[in-house]
Amino acid sequence: MYNIRRMLSPLPFSFYERNTVDVARALLGMRLVRWYQQTRLSGIIIEAEAYRGEEDLACHARSGYTRRTRVMYGPPGRAYVYFTYGMHWMLNVVTEREGFPAAVLIRAVQVVEGQSVVAERRAGAPPHHWADGPAKLCQAFAIDGSLNSADLTTPESGLWIEPGTPFADSEILSGPRVGINRVPEPWRSIPWRFRVDAHRGASI
DNA sequence: AGCACGATTAACT
DNA sequence: GTTAATCGTGCTC
């Protein structure tokens with residue numbers, strides 16, 4: 001049975017209510033946790049991207065307030081989960097003050113709890129490919145549209161983020177966001193993607 | 001109502 | 001390196 005004493009308090013509302021780029025960087029090393037079928041699934045966040053405001057032409061909020069983007073206009077610390085390519089779910093964390101649409105896309109985690117469940121959900125994939133992409137991580141942790149707008153600051157939602165061990169700046173790479181090649185400059189190249197550098201001694 | 005495309009992935013050549 | 005899979009969304013007619 002899961003030992004409740006191992007559970008840390010989720011990151012607070014104030015962690016998310018600030019500049020989205022800072023949140024994306026700060027999320028590296030934090031622990032994404034999913035409570036699924038009486039089992040704790042978790043992973044250390046190792047890659048994330050910032051999407052910030054209506055002026056950011058790579059952000060879904062470029063279209064303004066719609067049924068799809070409404071969660072991004074709401075309070076920070078919530079999940080923005082959307083469906084794309086007809087088959088994939090993506091997990092984002094809403095940031096900034098309520099009313100300002102922005103979020104951080106969680107792109108990759110290193111699975112550290114619930115490996116047997118994840119191995120089954122990611123059948124056929126080796127461990128290093130369990131959650132090394134935004135859609136793969138959602139499949140691994142059973143994240144779908146039912147978690148859209150879930151409150152990540154409480155375990156009651158079944159999905160939350162706990163404090164972890166932050167990475168040093170020397171272990172982090174930044175660069176342009178991926179998969180947005182049709183987006184105009186400067187948004188296409190702005191370095192709002194952050195990831196752990198596997199070649200700088202980080203234990204991933 | 002119809003259309004083009006997508007914050008991707010796996011399976012190809 | 002290329003491409004199919006597959007459907008919700010936002011835009012145009």
Side-chain angles (χ1 to χ4, degrees), chain A residues 16 19-28 30 32 34 41 43 45-74 76-96 100-111 118-150 152 159 161 172-196:
Chain A
Y16 303 103
N19 185 283
T20 309
V21 181
D22 295 338
V23 176
R25 166 63 183 85
L27 277 170
L28 301 185
M30 304 299 107
L32 179 69
R34 173 81 165 110
L41 314 180
I45 297 171
I46 57 173
E47 182 178 350
E49 288 175 351
Y51 290 85
R52 186 174 189 278
E54 294 177 349
E55 68 171 8
D56 174 6
L57 297 181
C59 182
H60 290 164
R62 65 186 178 271
S63 304
Y65 184 97
T66 67
R67 188 169 54 191
R68 182 202 213 191
T69 63
R70 69 187 154 78
V71 176
M72 276 200 286
Y73 287 80
R78 303 291 189 96
Y80 165 43
V81 182
Y82 72 91
F83 186 66
T84 191
Y85 289 105
M87 64 193 86
H88 299 306
W89 295 100
M90 303 281 152
L91 171 66
N92 299 252
V93 179
V94 176
T95 57
E96 313 247 1
F100 186 91
V104 172
L105 172 69
I106 307 300
R107 288 193 58 90
V109 306
Q110 164 83 19
V111 178
V118 169
E120 194 167 305
R121 295 193 57 83
R122 296 281 300 130
H128 74 284
H129 284 155
W130 277 347
D132 62 334
K136 297 182 201 179
L137 128 206
C138 286
Q139 185 185 355
F141 284 6
I143 294 165
D144 64 19
S146 67
L147 287 165
N148 191 35
S149 85
L152 300 174
L159 182 67
I161 303 177
I172 301 302
L173 298 174
S174 61
R177 297 169 290 182
V178 302
I180 57 167
N181 295 321
R182 292 175 56 88
V183 172
E185 297 289 4
W187 309 108
R188 189 178 68 185
S189 298
I190 197 167
W192 285 357
R193 176 195 191 199
F194 299 92
R195 65 193 157 114
V196 176

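All of these numbers come straight from a predicted model, not from anything done at the bench. Order of the sequence lines sets the chain letters (A, B, ...), proteins ahead of strands, with each chain counted from 1.
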| said: Is it true that A:Y73 and A:E54 share a donor-acceptor pair across their side chains at a distance under 3.5 Å? | reply: yes
| Nearest-Å distance, OH (A:Y51) to P (B:dG6)? | 12 Å
| said: Under 4.0 Å, heavy atom to any atom of DNA chain C: which of residues 56-67 of chain A qualify? | reply: A:S63, A:T66, A:R67
| Ignoring hydrogens and geometry, is there a side-chain-to-backbone donor-acceptor pair from A:R122 to A:A140 under 3.5 Å? | no
| query | Between the main-chain N or O of A:A125 and the side-chain N or O of A:W130, is there a donor-acceptor pair closer than 3.5 Å? | reply | yes
| field | Protein-nucleotide distance (A:W89, atom CH2; C:dC7, atom P), rounded to Å | value | 12 Å
| message | Both atom distances under 3.5 Å, Watson-Crick or G-U wobble: I'd like the secondary structure of DNA chain C as a dot-bracket string, with | for pairs made across strands. | response | |||||.||||||.
| query | NA contact type, A:R68, heavy-atom cut-off 4.0 Å: base, sugar-phosphate, or nothing? | reply | sugar-phosphate
| request: Drop me the distance from A:L41's CG to A:L32's CG, to the nearest 0.5 angstrom. | output: 9.5 Å
| said: Using side chain to side chain contact (heavy atoms under 4.5 Å, CB included), reason through A:D144 and A:V81 one step at a time and then give a plain yes or no. | reply: CA-CA 7 Å; A:D144 64 19; A:V81 182; 5.6 Å; no
| request: Heavy atoms under 4.0 Å is the rule here; annotate nucleotides 8-13 of chain B 5' to 3' with B where the base is hit, S where only the sugar-phosphate is, and - elsewhere. | output: BSS---
| said: Within the supplied structure, the quantity of interest is the number of heavy atoms (other residues, nucleotides, ligands) at a distance under 6.0 Å from A:E185 CD; does it exceed 12? | reply: yes
| message | Ring-plane angle category for A:Y82 and A:H60, please: parallel below 30°, perpendicular beyond 60°, tilted otherwise. | response | perpendicular
| note | In this structure, CG of A:L147 is separated from CZ of A:R78 (nearest 0.5 Å) by 12.5 Å
| Do the side chain of A:D132 and the main chain of A:A108 share a donor and acceptor less than 3.5 angstrom apart? | no
| task | In sequence, state the C-alpha distance, the side-chain angles, and the governing distance for A:Y51 and A:L105, and then conclude on side chain to side chain contact (heavy atoms under 4.5 Å, CB included). | result | CA-CA 8 Å; A:Y51 290 85; A:L105 172 69; 3.9 Å; yes
